[in-house]
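The structure appears right after this line, and notes come after that.
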Amino acid sequence: MCLYFMGLNLSNQQIAQELGLNKDDVHAMTRQLRQGVVARKPEPSLSGEVECDEVCVVAGHKGHPEAVKKRP
């Protein structure tokens, strides 16, 4: 039931109220469930042509122009 409520985006406090449990116990359960989901998630594998929609480029360091000077 806890995993189902997590899927509904309920907070730990809301899950605790729904299940009639202590919020600290629910916190421990959700942490363990999240770790289990992450552990079983396969590594992404890209192949073929891959597109990128957004790129973040750091253009400079504000207040530190020497940090971005071109070096020979």
Side-chain angles (χ1 to χ4, degrees):
M1 287 301 295
C2 184
L3 187 58
Y4 173 75
F5 287 135
M6 287 171 63
L8 296 177
N9 274 342
L10 294 182
S11 68
N12 287 350
Q13 185 173 356
Q14 291 170 319
I15 294 172
Q17 288 174 348
E18 289 292 326
L19 298 177
L21 298 172
N22 182 308
K23 66 179 180 177
D24 295 329
D25 294 336
V26 171
H27 176 71
M29 276 195 292
T30 56
R31 186 179 62 228
Q32 187 175 7
L33 286 167
R34 285 186 186 102
Q35 288 172 348
V37 168
V38 169
R40 295 190 64 177
K41 186 176 181 182
E43 286 291 321
S45 174
L46 303 176
S47 63
E49 190 171 323
V50 179
E51 292 185 26
C52 179
D53 291 336
E54 296 180 22
V55 176
C56 179
V57 178
V58 178
H61 300 281
K62 189 174 183 178
H64 301 284
E66 66 279 357
V68 292
K69 282 184 182 175
K70 291 188 179 182
R71 296 184 180 125

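From a predicted model like this one, the values you see are computed outputs, not experimental measurements. For the numbers below, each heavy atom of this structure counts, side chains included, while hydrogens, waters and symmetry mates do not.
- The shortest non-hydrogen separation linking V26 to N12 is CG1-O, 3.5 Å.
- You'll find the side chain of L8 stays beyond 4.5 Å of the side chain of Q14, heavy atoms only.
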Without placing hydrogens or testing angles, list every side-chain donor-acceptor pair under 3.5 Å for residues 31-48, not counting sequence neighbours.
residue	atom	partner	partner atom	Å
R34	NH1	T30	OG1	3.4

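- In this structure, the separation between CG on N22 and CE on M29 is 9.5 Å, given to the nearest 0.5 Å.
- Distance check, rounded to the nearest 0.5 Å: CD1 of I15 to CD of Q13 gives 11.0 Å.
- Under the 4.5 Å side-chain criterion, counting only non-hydrogen atoms from C-beta, F5 is in contact with L19.
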